[in-house]
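Convention: sequence-line order gives letters A, B, ...; per-chain numbering from 1.
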Amino acid sequence: MKNKATESDFFLRVYDVVRQIPDRRVCSYGAIAAHLGMPRSARMVGWAMNAAHSKPDVPAHRVVNRNGMLTGKHHFGGPRVMQQLLENEGHQIENDQILNFKNSFWDPSNPV
DNA sequence: CGTGTGACTAGGA
DNA sequence: ATCCTAGCCACAC
C-alpha cells in the first residue's frame with residue numbers, strides 16, 4: 001500500500017534538518033541542500049521553507065543565505081519578524097545581515 | 001505534459 | 001572589490 005505523503009519527502013527532510021539547528025546557531029540554504037545531497041538545489045530549500053511556514057517546529061528564521069542576510073524576512077508575515085526572532089536568540093543583526101554570522105554558522109554535516 | 005518561477009550559489013567580467 | 005549570468009530542482013498553473 002502506498003502512503004500518500006501530504007508533502008514531498010524532500011520538504012520533510014528539509015524540515016528535519018532545520019529542526020536540528022541548535023539554539024543560538026544559524027544555517028544557510030546551501031548547507032542544508034548539501035546535507036540532503038542537492039548542493040545545487042539551495043533554491044528548493046528556500047521553497048521548502050515556504051511550506052515550513054506552516055510548521056511551528058521549523059525555525060525557518062535560523063536559515064539565511066550564505067551571506068548571512070535575512071533574504072526571507074519578508075515571508076514571515078512581517079519584515080521585522082525574522083530579525084526579531086534572531087535577535088531574541090542572541091544574534092546581532094544589522095542592515096538585514098547577521099553580524100559574526102560566520103561564527104554563528106552551524107553546518108548540519110559538521111555539527112561541531 | 002510544457003512553461004514559469006523561486007527565501008540560492010558559484011563563477012566570470 | 002562589485003555586478004551580471006547561468007544552473008539547478010521541485011511545485012503551481
Side-chain angles (χ1 to χ4, degrees):
Chain A
M1 50 209 277
K2 296 192 248 164
N3 276 356
K4 216 85 169 273
T6 48
E7 296 171 304
S8 295
D9 296 335
F10 181 77
F11 278 42
L12 297 176
R13 289 184 191 182
V14 176
Y15 305 149
D16 190 37
V17 176
V18 176
R19 275 182 275 202
Q20 291 176 52
I21 302 176
D23 296 341
R24 313 268 184 153
R25 283 284 199 276
V26 290
C27 192
S28 65
Y29 303 97
I32 297 171
H35 186 66
L36 297 176
M38 302 187 194
R40 305 169 188 181
S41 303
R43 291 179 161 195
M44 292 290 73
V45 178
W47 199 263
M49 298 271 85
N50 229 337
H53 208 249
S54 232
K55 316 279 177 186
D57 294 330
V58 181
H61 60 273
R62 291 183 189 159
V63 185
V64 295
N65 71 349
R66 74 176 199 82
N67 286 327
M69 195 174 197
L70 285 60
T71 46
K73 68 174 185 183
H74 200 44
H75 285 258
F76 279 77
R80 285 281 172 162
V81 180
M82 190 174 187
Q83 180 172 341
Q84 192 72 69
L85 289 169
L86 287 169
E87 288 183 337
N88 194 12
E89 296 194 354
H91 295 292
Q92 283 184 298
I93 302 173
E94 188 170 305
N95 199 13
D96 296 337
Q97 192 173 349
I98 300 177
L99 301 182
N100 207 7
F101 165 69
K102 198 171 176 185
N103 192 26
S104 296
F105 180 76
W106 177 81
D107 189 341
S109 289
N110 188 18
V112 187

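A:Asn65 has its CG atom 5 Å from the P atom of B:dT9, to the nearest Å. Remark: P of B:dA7 and CD1 of A:Ile98 are 18 Å apart, rounded to the nearest angstrom. If you take CE of A:Met49 and P of B:dA7, they are 13 Å apart, rounded to a whole angstrom. Here C:dC8 presents its P atom at 15 Å from CZ of A:Phe10, a figure rounded to the nearest Å. Between the OH atom of A:Tyr29 and the C1' atom of C:dA10 there is a distance of 16 Å, given to the nearest Å. One interatomic measurement links the two molecules: CG of A:Leu36 to P of C:dA10, which rounds to 11 Å at whole-angstrom precision. Straight-line distance from the CE atom of A:Met69 to the P atom of C:dT2: 13 Å, rounded to whole Å. Atom CZ in A:Arg40 sits about 11 Å away from atom C1' in B:dA10, given to the nearest Å.
Residue pairs meeting the salt bridge (charged side-chain N to carboxylate O under 4.0 Å, His left out) criterion with at least one member in residues 81-95 of chain A, sequence neighbours excluded, are A:Arg62-A:Glu89.
Of the candidates B:dT9, C:dA10, B:dA7, B:dA7 carries the atom nearest the A:Thr71 side chain, counting heavy atoms from C-beta on. Distance from the side chain of A:Ser41 is smallest to C:dC9 among C:dC9, B:dT9, C:dA10. In this structure, of C:dA10, B:dT9, B:dA7, it is B:dA7 that holds the atom nearest to the side chain of A:His53.
Residue-level contact check: A:Met38 touches the backbone only, with heavy atoms under 4.0 Å from sugar-phosphate atoms and none from bases. Residue contacts shown for A:Ala51 are absent, as no nucleic acid heavy atom lies under 4.0 Å away.
Between the side chain of A:Asn67 and the backbone N or O of A:Met69, no donor-acceptor pair lies under 3.5 Å. Within the 3.5 Å criterion, the main-chain N or O of A:Ile93 finds no donor-acceptor partner in the side chain of A:Gln97.
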With the criterion being N/O to N/O and under 3.5 Å, what pairs connect the protein with nucleotides 1-6 of chain B, and how long is each?
residue: B:dG6; atom: O6; partner: A:Arg43; partner atom: NH1; Å: 3.3

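A heavy-atom distance below 4.5 Å is not found between the side chains of A:Ile21 and A:Val26.
In terms of heavy atoms, A:Cys27 sits closest to A:Pro108 at SG-CD, 3.8 Å.
Between atom CZ of residue A:Phe105 and atom CZ of residue A:Arg25 there is a gap of 10.5 Å, rounded to the nearest 0.5 Å.
A donor-acceptor contact closer than 3.5 angstrom is absent between the side chains of A:Asn88 and A:Gln84.
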